[in-house]
Amino acid sequence: MDIKARIRRRRDHNAQPQFIQRYEALSPAAHLDEPVGRGQLLEQLLDYFDPVFDGELPPNGYVYGPIGSGKSAVLTSLLSHLKELPAETREVIHTSTRVQTPSSPTFVYVDARSATSAFGFYRSVLSSLIDQSVPEHGVGTDSLRDQVHTQVQGTPGAVICVDHIAEPRSLDESTLVDLAASLPSNVSWLAIGRASPDQTHLTTYTGAEIGVSRYRRQVLVDILMQRASMGLARQALNHDLARQVAAWADGNAHDGLAVLFSAADNAAGVGQDQLTESNINAAIESIPEPCVSLSAVLSLPANRQRVLRHLVNLSPDERESVNMATDALSALDLSASTIKRFLYEMAEAGVIRRVQAETEQQKGRPPSRVVPQFPLYVFQRLYDLRRRGQSNHP
DNA sequence: GATCCACGGGAATACACGGATG
DNA sequence: CATCCGTGTATTCCCGTGGATC
């Protein structure tokens, strides 16, 4: 490295912003306010929602597509914009004292990963319908359902969009159908999931289906460049590297962003001001196959995430068996049997994988190695950031 | 006092293997 | 040889209890 470059590096390090400027912009679990490259899906969703603008309800619907194809990104962004519409008109038209009835159906977003029970579902719907916060305890499930009824009845209705349907640990299809049936008749739902229509019986209840295909390579390149420009110092990611990541990710934005995040984190750690091919390759190496969604991991109950966070730091030989991992995690203030049950449960959900040992030992059933199936470094960093954020703003 | 659900513990079941048995 | 049995470990299943919150 020549002297100029060395000097420039020192100067940049001191005078310029950090290499990683915004972790949120890089996070595979976060969505942009304006998603990139999904104009067609946006139009299809607007077509589907179109009756709402005439004060009518759309039919039940189903949006399906593979992981990392932008379903949640587009839907959450679209809903956040749509929800602003009635609020704007309300302020202008109505007096502050009168309780106004909206002239068109309202939009509700429910994440089935966090609303995993009937109680959670009603609670999520209700808290979206009213401004006040809804208690998590002390109120019965039936009472919540009745409150949803009183909120919706006599209005033009609501479209309830239920994301991440039929994933492990989220709401399954028949539960959704049952819950929806328990709501007033002026409610439509839009389910978002990964199963194609022939793999689900959900479509027997829907009047509209929207399929989403994986991102084309060039679009994924654009997404990576966009995120890099928002989250990293200038010129940190060059186009060729973005192309490499996109080629590897094969249309899966989640995995592509996980690589970008991981590579950037690594580069920042050793003071680079640009991502290199070896950063990218190392990051790619660190992504498991198959890779479970980080936002799914980050919406697990708190103590399960805590177990995973500590699992990340265990050495491989401490993960040689479920029992050994349980012992190694005993520093957590959870009982051994709970930790063990968590590990089995999360293996069931695909968050970790159990790999049966070669049958060498004599006695008993062979143990299983514990292998994380999520991007370790990215999870670690996001988990720690989130915790710090919470303790700053309790 | 009511409510939900995370925890914790333990029972039941599955699996692997060597050795005994028919 | 095929099957069963005993032992030891792994895994799954189930449910009561208590903490946290209203």
Side-chain angles (χ1 to χ4, degrees), chain A residues 110-151 162 164 167-172 174-176 178-179 182-183 292 296-311 314 316-373 383 386-387 390-391 393-394:
Chain A
V110 175
D111 188 346
R113 283 172 179 159
S114 45
T116 56
S117 62
F119 179 84
F121 177 79
Y122 294 132
R123 181 171 181 278
S124 177
V125 171
L126 188 61
S127 62
S128 171
L129 289 173
I130 64 180
D131 285 341
Q132 327 146 23
S133 70
V134 182
E136 301 179 50
H137 298 272
V139 51
T141 305
D142 292 348
S143 156
L144 281 186
R145 188 196 55 220
D146 294 346
Q147 290 185 59
V148 172
H149 272 260
T150 57
Q151 284 299 320
V162 189
H164 305 121
E167 288 182 9
R169 300 188 55 89
S170 81
L171 290 176
D172 64 24
S174 53
T175 312
L176 170 65
D178 291 347
L179 286 171
S182 76
L183 293 179
V292 69
V297 177
L298 289 167
S299 53
L300 290 169
N303 274 340
R304 280 156 231 256
Q305 288 192 52
R306 220 149 56 84
V307 167
L308 290 178
R309 175 64 184 84
H310 286 259
L311 185 69
L314 297 188
D317 47 310
E318 285 173 313
R319 294 194 268 103
E320 271 306 302
S321 75
V322 174
N323 259 320
M324 294 180 77
T326 304
D327 286 348
L329 294 167
S330 61
L332 299 161
D333 56 345
L334 292 166
S335 81
S337 87
T338 297
I339 293 174
K340 185 177 291 186
R341 183 169 55 80
F342 281 2
L343 290 175
Y344 281 117
E345 280 181 8
M346 290 190 290
E348 182 69 27
V351 175
I352 60 184
R353 188 158 49 100
R354 293 187 294 111
V355 182
Q356 198 173 54
E358 310 302 322
T359 60
E360 292 236 351
Q361 20 189 328
Q362 308 299 315
K363 295 285 185 183
R365 187 172 177 171
S368 306
R369 194 154 36 94
V370 176
V371 184
Q373 292 297 115
Y383 179 88
R386 189 175 284 203
R387 273 189 56 87
Q390 278 167 1
S391 58
H393 313 284

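Everything numeric in this text was worked out from a predicted model, so none of it was measured. In what follows, chains carry the letters A, B, and so on, assigned in the order in which the sequence lines appear, proteins first and then strands, with residues in each chain numbered from 1.
S335(A) comes within contact range of the sugar-phosphate backbone alone, with a heavy-atom separation under 4.0 Å but no base atom that close. Heavy atoms of S143(A) sit nowhere under 4.0 angstrom from any nucleic acid atom. Nucleic acid contact for R354(A): sugar-phosphate only, since backbone atoms but no base atoms lie under 4.0 Å from a heavy atom of the residue.
Here N323(A) does not reach the OP1 or OP2 of dT9(C): none of its side-chain N or O atoms lies under 4.0 Å away. Within the 4.0 Å cut-off from OP1 or OP2 of dT12(C), not a single side-chain nitrogen or oxygen of Y344(A) is found. The side chain of S368(A) places no N or O atom within less than 4.0 Å of a non-bridging phosphate oxygen (OP1 or OP2) of dA10(C). Distances shown here put every side-chain N or O of Q356(A) at or beyond 4.0 Å from the OP1 or OP2 atom of dC15(B).
Without hydrogens or angle criteria, R123(A) side chain to V134(A) main chain gives a donor-acceptor distance under 3.5 Å.
With dA10(C), dC5(B), dG8(B) as the candidates, the nucleotide lying closest to the side chain of L334(A) is dG8(B). Across dG9(B), dC4(B), dA16(B), the shortest atom-to-atom separation from the side chain of T141(A) is found for dC4(B). The side chain of S117(A) approaches dC5(B) more closely than any other nucleotide in the set dG8(C), dT11(C), dC5(B). Relative to the side chain of H137(A), the nucleotides dC15(B), dA6(B), dT21(C) differ in distance, and dT21(C) lies closest. Checking dG8(B), dC5(B), dT12(C) against every side-chain atom of S337(A), the shortest atom distance belongs to dG8(B).
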